[in-house]
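Here's the structure, in structure tokens; my notes come after.
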Amino acid sequence: MYFRFDLKAVLQFLKYAGNHKRLIFANFIFNLLYVLFQLISLMMIMPVLRFLFSKDHGNAQALSSKNFGVGHWFSDQYQHFITWFGQLAKGEPFTALAYLSISLVVVTVLKNGFRFLAMNFMVLIRNRSIQEIRQNVYQKCLDLPIAYFNNERKGDLMSRMSNDVKEIEFALMVSLEALYFQPLNILLFMAALIMLSAKLTLYILLFLPITALIIGLIGRSLRKRSTRNQELLGKVMTAYDETLGGIRIIKAFNAAHFFSKKYKEQDDAYTKNNIGVQRRYDLSSPMSETIGIGVSALLLWLGGSMVFRNELDPEFFLTYFAIFSQLIPPFKAFSNALYAAQKGIASLDRIQELVTAPVTVEDPIEAQVPVFTESIVLKDVGFNYLDGAKVIEGFNLEIKKGDTVALVGPSGAGKTTLTDLLARFYDVTEGGIFLDGVDIRSFKQDDLRGLIGIVNQENILFNESVRNNIALGMPETPLGAVIEAATAANANDFIVEMEHGYDTEIGERGGKLSGGQKQRLAIARALLKDPEILILDEATSALDSNSEKAVQQALEKLMRARTSIIIAHRLSTVIHADVIVVLDKGKIVEKGTHTELLEKKGMYFNLIQLQQLLSN
Ligand code: ADP
């Protein structure tokens, strides 16, 4: 079999859908009614034929009991019906025909009404389950540690949220209905065929496996090639994309010929495969029609001979033929559904992988409440990112409450990583960080982060009002407090000049604001939170000197009476720090006050000289 079912994924999926048992039940009932009414509408050919062709217009011409088992019972019931109907129409052929026509319309309306209702419930099941999946993914993203979100992953996560969820919605959801509904359809139709003539059904069943095999083989090769087609087209697109990205280098190094050749190879492979797909696709329709007609011809011959031998009534036979011809679409739909489900399951796997990804930074089961009255101590701290070498090594530092500590050093030294460790965006891999002597891993992350305020280089603003951006995570904050914080951050002046003041929507990623304005909003946000510990990561680096002054003043207010950790590229901003820690390659090179370090004439001294040289 070419359908591999990942049972675990299917069960996971059923869990989502299974939360809507009532809707599923309703969908099932209406689908059942739909199939039954479809059968009834097909079987209405029988009395029509009877009244058209029998001379006495349906009056009790006893059907010989040529059937056995249920077939016999069915013939009897049918005979009763004809007798009753003949009386109802008072033996008038026109009346009978009129009744039958009206009934046909009524039955068809009901049939389609039921199908509509069934689909309607399916729409509800589909949307609610998919919404649940989407919500789970979103919620999970909020719970996952920062380490999970590197840059390559962001694209992948976006694609999971959009493409995979869509794929599940269309492939899996649509096919799930078909997977139970089509077999039901086939079963009920088969039952009807057996009732009409068990013998003929037995003959036909003998030929069915051969036909199924031929149709299956074509379908299989078509599917395999279509999947391959997607891969090959992907390669062509990648080649094109790579070329566009590197066009400057390709031209500069005269590599056009090489790339052109490489591209042609990819394109040739795709084109060849695509021709195969289209040929097979074009073949499948005439093939299945030919096979269909072949089987019908066989049925005609077998059934016709039974009619001649008086083993089957013509009207039974013609109805049989009509129902039989309606059997192929459900078979086709079922096999398509299997294929679609397989694709959907691949997507579901990817979603499940995300939803079950381990949360590596965990809250302890019995958490302590953090208190900060004395100091933060980093003891023998070591850290490496999942896939890399040590970026922090043997790091020891005590930060007294109220102190301002500056971290300086070349880019890549590990300054940001250190502050991330303090906020537990990552956990240390060696040693520990202690708040008043208690390991920060003993606190809930929310409690710990409640003590910390962060202002960094990229001032993340959200597509919300100015007010909500400042009072982030604290929607109950009164406007007065927000204004107070904004005023202290030198932001009030430009906010009130905005179109709707504090209610102005900021736009995606703060697009409407200048760098300095964004910075001051971020500072107002930190001021409002009023944290014990403040982390400023390159908070003034992206500013022109004009706005730097306003921001600098705001920052000074923010740092007053707080424990602050500053990372600054411009050393002029750190001279007043209580301790300056010079970092290189994850290790402390030297530490002390500005004056002490200058006297040492070490790395700090060199960095200062270098900056003075550059600014002159
Ligand atoms: P600094 O803030 O001093 O410029 P960082 O703390 O940002 O330095 O980076 C320290 C080292 O860790 C660098 O070598 C950097 O390449 C690496 N690094 C930073 N973030 C990650 C990450 N998410 N995954 C892997 N390596 C990282």
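Side chains are part of it too, since the values below use all heavy atoms of this structure and drop only hydrogens, waters and symmetry mates. Ligands are counted one by one from 1 in listed order, and the atoms in each one are counted from 1 as well.
For Arg126, there are no side chain to side chain donor-acceptor pair (under 3.5 Å) partners two or more places apart in sequence or in a different chain.
Near Thr417, with a cut-off below 4.0 Å to any heavy atom, the atoms of ligand 1 are 5 (P), 6 (O), 9 (O), 10 (C). Taking every heavy atom of Ser411 and a limit of under 4.0 angstrom, the matching atoms of ligand 1 come to 4 (O). Close contacts of ligand 1 with Val391, meaning ligand atoms under 4.0 Å from a residue heavy atom, involve 11 (C), 12 (O). Applying the 4.0 Å criterion to heavy atoms of Ala413 picks out, from ligand 1, the atoms 1 (P), 3 (O), 8 (O). For ligand 1, the atoms lying closer than 4.0 Å to a non-hydrogen atom of Tyr426 are 23 (N).
Glu265 has no carboxylate O lying under 4.0 Å from a charged side-chain N of Lys262, or vice versa, which leaves the two without a salt bridge. Using a cutoff of 4.0 Å between basic side-chain nitrogens and carboxylate oxygens, Glu169 and Lys166 are scored as salt-bridged. Using a cutoff of 4.0 Å between basic side-chain nitrogens and carboxylate oxygens, Asp530 and Arg562 are scored as salt-bridged.
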Would you list the atom pairs, donor with acceptor, under 3.5 Å between side chains in residues 233-253 and any protein atom, with sequence neighbours excluded?
from   : atom 1 : to     : atom 2 : distance (Å)
Thr238 : OG1    : Gly234 : O      : 2.7
Thr243 : OG1    : Ala239 : O      : 2.8

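Taking all heavy atoms of Asp537, Ile146, Thr416, Asn384 into account, the minimum distance to atom 7 (O) of ligand 1 is reached by Thr416.
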